[in-house]
Amino acid sequence: MNAQLHPVSDPIARNLEVVDRHMRDEARDPDSVLALYTEDAVLEIPGRGQRFDSLEAIRGNYVRMFASMAEIEIQPLDRFATADRVVDECLVRLRVTGDGLVNVPVPIGSRAELRLLHVFHMRDGRIAREEVFEGWRRLDG
């Protein structure tokens with residue numbers, strides 16, 4: 001994996017590239033993004049009371065979550081990085097189609113808009129911790 005990324009001498013560019021790959025591929029192919037995480041990675045979604053502390057649990061969450069969404073539109077808003085953090089903000093519009101999105105504040109079948117803020121804690125060019133902050137708004141009700 002690192003052979004395709006920026007060299008260690010440019011950790012900010014490398015971190016941005018890793019997060020770009022993650023955001024682009026997580027819904028399409030959850031297995032492909034697991035190599036972007038450290039072995040001890042943690043994913044937290046505090047607003048929905050979700051915490052996943054193994055690669056298997058992170059993968060399972062992505063599979064369930066993305067199987068419960070349709071009509072996904074993503075509008076990037078901002079992304080910036082330091083040597084050990086990447087912050088990504090976007091606006092997502094989607095339809096909730098199943099129960100794999102645990103503790104969401106809209107019912108299944110709803111069209112919603114989601115202000116999404118990711119804070120990625122990076123270690124050696126990989127994601128060691130992913131914190132996801134969400135602001136939900138129902139569009140059709």
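Numbering starts at 1 and runs along the sequence shown.
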A side-chain contact here means heavy atoms from C-beta on lying under 4.5 Å apart; do [X] and [Y] qualify?
X: Val86; Y: Leu16; answer: yes
X: Glu44; Y: Val132; answer: no
X: Arg115; Y: Leu77; answer: yes
X: Met69; Y: Val96; answer: no
X: Phe66; Y: Arg28; answer: no
X: Pro11; Y: Met122; answer: no

Lys/Arg N to Asp/Glu carboxylate O, Glu73 vs Arg111, below 4.0 Å
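The answer is yes: the pair qualifies as a salt bridge.
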May I ask you to say whether Arg64 pairs ionically with Asp99, meaning some side-chain N is under 4.0 Å from a carboxylate O?
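Between Asp99 and Arg64 there is no salt bridge, as every charged N stays at least 4.0 Å from the carboxylate O atoms.
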State whether the side chain of [X] and the backbone N or O of [Y] hold a donor-acceptor pair below 3.5 Å, judged by distance alone.
X: Asp88; Y: Leu117; value: no
X: Arg24; Y: Val19; value: no
X: Asp10; Y: Ala13; value: yes
X: Ser68; Y: Thr97; value: no
X: Ser110; Y: Ala112; value: no

If I compare all heavy atoms of Ile127 with all of Ala41, which pair ends up nearest, and what's the gap?
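Closest approach of Ile127 to Ala41: O-CB, 3.7 Å.
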Check Gly125 against Val18 and note the closest heavy-atom contact, atom names and distance.
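Gly125 and Val18 have their closest heavy atoms at O-CG2, 3.2 Å.
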Could you tell me the separation between the [atom1] atom of [X] and the [atom2] atom of [Y], rounded to the nearest 0.5 Å?
X: Met65; Y: Ile45; atom1: CE; atom2: CD1; answer: 6.0 Å
X: Arg93; Y: Ile74; atom1: CZ; atom2: CD1; answer: 11.0 Å
X: Leu55; Y: Thr38; atom1: CG; atom2: OG1; answer: 7.5 Å
X: Arg126; Y: Leu36; atom1: CZ; atom2: CG; answer: 8.5 Å
X: Trp136; Y: Asn103; atom1: CH2; atom2: CG; answer: 11.0 Å
X: Met23; Y: Cys90; atom1: CE; atom2: SG; answer: 4.5 Å

The test is side chain to side chain contact (heavy atoms under 4.5 Å, CB included); show your working for Arg137 and Leu114 and say whether it passes.
CA-CA 6 Å; Arg137 183 170 68 101; Leu114 173 61; over 6 Å; no
Parallel, tilted or perpendicular, judged at 30° and 60°: which one describes the rings of His22 and Tyr37?
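His22 and Tyr37: perpendicular rings.
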Steps toward side chain to side chain contact (heavy atoms under 4.5 Å, CB included) verdict (Glu71, Leu94)
CA-CA 5 Å; Glu71 304 168 26; Leu94 59 90; over 6 Å; no
Test side chain to side chain contact (heavy atoms under 4.5 Å, CB included) on Ile72 and Val92 and set out the steps.
CA-CA 7 Å; Ile72 300 169; Val92 180; 4.2 Å; yes
Using the rule that Ile, Leu, Val, Met, Phe, Trp and Tyr join whenever any side-chain heavy atoms are under 4.5 Å apart, tell me whether [X] and [Y] fall into a single cluster.
X: Ile12; Y: Phe80; answer: no
X: Val119; Y: Leu43; answer: no
X: Val33; Y: Val42; answer: no

Working for side chain to side chain contact (heavy atoms under 4.5 Å, CB included), residues Val87 and Glu89:
CA-CA 7 Å; Val87 176; Glu89 181 182 15; 5.6 Å; no
Test salt bridge (charged side-chain N to carboxylate O under 4.0 Å, His left out) applied to Arg123 and Asp40, step by step:
CA-CA 11 Å; Arg123 185 184 332 127; Asp40 62 343; 3.2 Å; yes
Please step through salt bridge (charged side-chain N to carboxylate O under 4.0 Å, His left out) for the pair Arg95 and Asp140, ending with a clear verdict.
CA-CA 10 Å; Arg95 182 167 308 279; Asp140 60 359; 3.5 Å; yes
Looking at Glu56, I'd like to know if its CD atom is crowded, meaning that more than 12 non-hydrogen atoms belonging to other residues, nucleotides or ligands lie closer than 6.0 Å.
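Count not over threshold, so no.
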Steps toward salt bridge (charged side-chain N to carboxylate O under 4.0 Å, His left out) verdict (Arg59, Asp31):
CA-CA 7 Å; Arg59 180 193 180 282; Asp31 290 321; 2.4 Å; yes
Could you check Arg129 against Glu131 for salt bridge (charged side-chain N to carboxylate O under 4.0 Å, His left out), going step by step and ending with a plain yes or no?
CA-CA 7 Å; Arg129 182 176 188 83; Glu131 297 168 320; 3.2 Å; yes
